[in-house]
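Quick note: numbers below take in every heavy atom, side chains included, and nothing from hydrogens, waters or symmetry partners. Just so it is clear: chains get the letters A, B, ... in the order the sequence lines come, proteins before strands, and each one is counted from 1.
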Amino acid sequence: MFLHFHLLHLDLSKVYLSLSRAKQLHALILKTHLSHDPFYATRIVRFYAVNGDLHSACKLFDESPSQSVYLWNSIIRAHAQAHKFEEAFSLFTKMLRTEIRPDNFTYACIIRACSESFDLEGLKLVHCGVTVSGLGLDSICSSALVTAYSKLGLVDEASRVFYGTPQQDLVLWNSIISAYGNCGRWDKGLQLFSEMRSMEMMPDGYTIVGLLLGLSDSSLITIGQGLHGLCLKCNLDSNAHVSSVLVSMYSRCMCMNSAHRVFSGLFQPDLVTWSALITGYSQSGDYGKALFFFKNLNMEGKKADSILIASVLAAAAQIANVGPGCEIHAYVLRHGLESHVMISSALIAMYSKCGFLGMGTRVFEIMPEKNIISYNSLILGLGLHGLASEAFRMFDEILRNGLKPDEYTFTALLGACCHAGIVKDGREIFRRMKDEFCIQPRTEHYVHMVKLLGMEGGLEEAYNLILSLPEPVDCGIWGALLLCCDVCGNSELAEIVAQRLFESSSEKGAYRVMLSNIYAGDGRWDDAKKLRDHMTEGKLRKITGLSWIKGFSRSA
DNA sequence: ATAGGGTTAG
């Protein structure tokens, strides 16, 4: 018996176990009644949770003679980690009815569960509970609260919690820095970083990751390079998380050379880092490189997962040739990954973008389980091929199957109307989206509506639609109208629209080019020239030159 | 005597 205790103790503290060893252990646990020991009971619950056996965990919990705080926490955590939030909450309320008081760890776990299930009401309630039970100043509860509020988009609330906590440890600093990073406020993150340094707190990998997360476009590249330098100085560049975030930061900033340099300096990049690099090449338009690195990954004998495959498929969808996409499809079948909804949806998109809508439809039809994402992919493909009525038939099928259309469904449907030029159905589905499905239209919906109305001669109506929107109006929407002005050859309205864009957008150059293009198309050469003279950058001059050529060939 | 936990990436 004592030997068994010893063996179990050794094995249970390991995170990874082979399946057969886990089964042996399970048998041993049942035989020894070790689970009646309060100390081992929590360890065993943890063991079951790690191995995905919630059923046994619950059984053990229910049969346990004495339920300590430890045991309660581990069973709640087991459910929360398996995303069984309902069960986790009901266990928590059950715990409140016992003698045992929840402690800071219990609350931390429940707080996280609230944010992962997007339950703001619940989070506020639990926050009250924390305060009432006298844990309002506890740094463990606070870091969980900071993260939870930021995940739900309430970064100011997160900040209040942070400043309300007297003992700010490293984890709490990291939580608030990540909170600001997550919403793109890198400057605030850096400010906190310097505050933290002035208090002699040493940053770690989490800190750097939080700071890097906030950098999202190429204008911030110098900040990113500075942080990269900091990583090297702190010897954090070998940390797997840090290096993958460096790769994705450089990718977001369109610095693929730097991204590749970081990548190739790694001893054994993990799947996330590979996928950051591949996605980076794909998003900067270098689809060939994206596929090349996917090939390299395979040659190193590594197995891609569904997220990586979906990203490679997005690259394959952008090449005119369907060949690479087919190869990836074969890879998916060989590795038995075809049941992943994300992969199937990416396959549908790839085939339809490469012109093989039939193959896309086929993939859709043989999917064992279709969800709203797969329907959205198919509708997008149908729309791309001008088959608006087919797209609407799919929409009806969604409703018949009791699925709930989401904002992407309507984006795809409106796109289908744009391609087919059917204003009436577009108007109708836009109305139903708002009234019947209570979906607040977003930028992309307005962009499609503006294009749909504007392209079919309803420039005035499109303009009025934009004027009815609350400020600030996204410049993509104005841009769509400018495009329509170009197509309809209306340079007066284009002038007004461009003015709005010059006021609000940072990409003045591109809109100047478009406007001068419209002027040229309308024969207003002097106005076009005046605009062109404003531009100093060589590249922009080149583009303007092209627009002159285009305008000239149109009027000739 | 032992025990659990809060913050990171594609």
Side-chain angles (χ1 to χ4, degrees), chain A residues 5-6 9 12-13 37-47 49 68-78 80-81 102-113 115 130 135 138-151 158 161-162 165 167-182 189 203-214 231 236 239-252 259 262-263 269-283 290 293 297 304-312 314 342:
Chain A
F5 271 55
H6 195 65
H9 190 93
L12 288 172
S13 44
D37 180 277
F39 167 74
Y40 281 101
T42 56
R43 278 221 153 167
I44 294 168
V45 166
R46 254 191 73 167
F47 160 75
S68 64
V69 192
Y70 296 107
L71 192 59
W72 273 107
N73 290 354
S74 49
I75 194 74
I76 291 175
R77 193 172 150 66
Q81 278 183 329
D103 62 9
N104 48 355
F105 297 116
T106 326
Y107 278 111
C109 189
I110 287 296
I111 289 165
R112 188 187 170 118
S115 78
V130 169
L135 290 165
D138 181 84
S139 64
I140 288 171
C141 286
S142 292
S143 29
L145 280 169
V146 166
T147 304
Y149 277 122
S150 100
K151 287 237 164 90
V161 173
F162 174 78
T165 312
Q167 300 277 350
Q168 292 155 339
D169 64 5
L170 182 60
V171 177
L172 187 56
W173 278 104
N174 289 345
S175 304
I176 190 67
I177 288 176
S178 296
Y180 280 113
N182 268 325
D204 65 358
Y206 288 91
T207 325
I208 303 289
V209 167
L211 290 169
L212 285 168
L213 276 179
C231 290
L236 289 167
N239 173 311
H241 286 284
V242 171
S243 47
S244 81
V245 178
L246 277 172
V247 170
S248 74
M249 181 275 294
Y250 278 126
S251 299
R252 280 196 304 271
V262 173
F263 179 84
D270 62 11
L271 267 194
V272 179
T273 314
W274 275 95
S275 123
L277 186 77
I278 290 174
T279 311
Y281 278 121
S282 175
Q283 285 177 351
F293 277 98
L297 172 85
D305 65 4
S306 58
I307 298 180
L308 206 149
I309 298 277
S311 127
V312 179
M342 202 170 15

Item to check | Aromatic ring pairing F162(A)/W173(A), orientation class (parallel under 30°, perpendicular over 60°, tilted between) | outcome: perpendicular
Next on the checklist: At less than 4.0 Å, is any side-chain N or O atom of K151(A) found next to OP1 or OP2 of dT8(B)? Yes or no.
Outcome noted: yes
Checklist entry - Are the side chain of T279(A) and the backbone N or O of A276(A) linked by a donor-acceptor pair below 3.5 Å? => result no
Checklist entry - Are any of R43(A)'s side-chain N or O atoms less than 4.0 Å away from OP1 or OP2 of dT2(B)? => result no
Checklist entry - Quick one: the side chain of D169(A) and the base of dG6(B), do they pair up donor-acceptor inside 3.5 Å? => result yes
Checklist entry - Would you say the base of dG5(B) and the side-chain of N73(A) have a donor-acceptor pair closer than 3.5 Å? => result no
Next on the checklist: Is there a side-chain contact between R46(A) and the phosphate of dA3(B), meaning an N or O under 4.0 Å from OP1 or OP2?
Outcome noted: no
Checklist outcome for this item: Rounded to whole Å, CD of Q168(A) lies from P of dT7(B) at a distance of 17 Å
Item to check | Nucleotide nearest A276(A) (side chain, heavy atoms from C-beta), chosen from dT7(B), dG4(B), dG10(B) | outcome: dG10(B)
Checklist entry - Checking all strands, does L277(A) fall into the base, sugar-phosphate, or nothing category for heavy-atom contacts under 4.0 angstrom? => result nothing
Checklist entry - Roughly how many Å is it from CD1 in I110(A) to P in dG5(B), rounded to a whole number? => result 14 Å
Item to check | Which nucleotide in dG4(B), dT8(B), dG6(B) has an atom nearest any side-chain atom of V209(A) | outcome: dT8(B)
Checklist entry - Is the aromatic ring centre of F105(A) closer than 5.5 Å to the centre of the six-membered base ring of dG5(B), with the two planes inclined by less than 30°? => result no
Next on the checklist: Counting the atoms with a prime plus P, OP1 and OP2 as sugar-phosphate, which does T207(A) contact under 4.0 Å by heavy atoms, base, sugar-phosphate, or nothing?
Outcome noted: nothing
Item to check | Under 3.5 Å donor-acceptor pair, D103(A) side-chain atoms to dG5(B) base atoms | outcome: no
Next on the checklist: Among dT7(B), dG4(B), dA9(B), which nucleotide has an atom closest to any side-chain atom of T147(A)?
Outcome noted: dT7(B)
Next on the checklist: If you compare all heavy atoms of A290(A) against all heavy atoms of Y281(A), which two are closest, and at what distance to 0.1 Å?
Outcome noted: N-CB, 3.8 Å
Next on the checklist: Nearest to the V69(A) side chain among dG4(B), dG6(B), dA9(B), which nucleotide is it?
Outcome noted: dG4(B)
Checklist entry - dG5(B) phosphate, OP1 or OP2: any side-chain N/O from R112(A) under 4.0 angstrom? => result no
Item to check | Qualifying residue for side-chain contact (heavy atoms from CB on, under 4.5 Å) with T207(A), from L170(A), L212(A), V242(A) | outcome: L170(A)
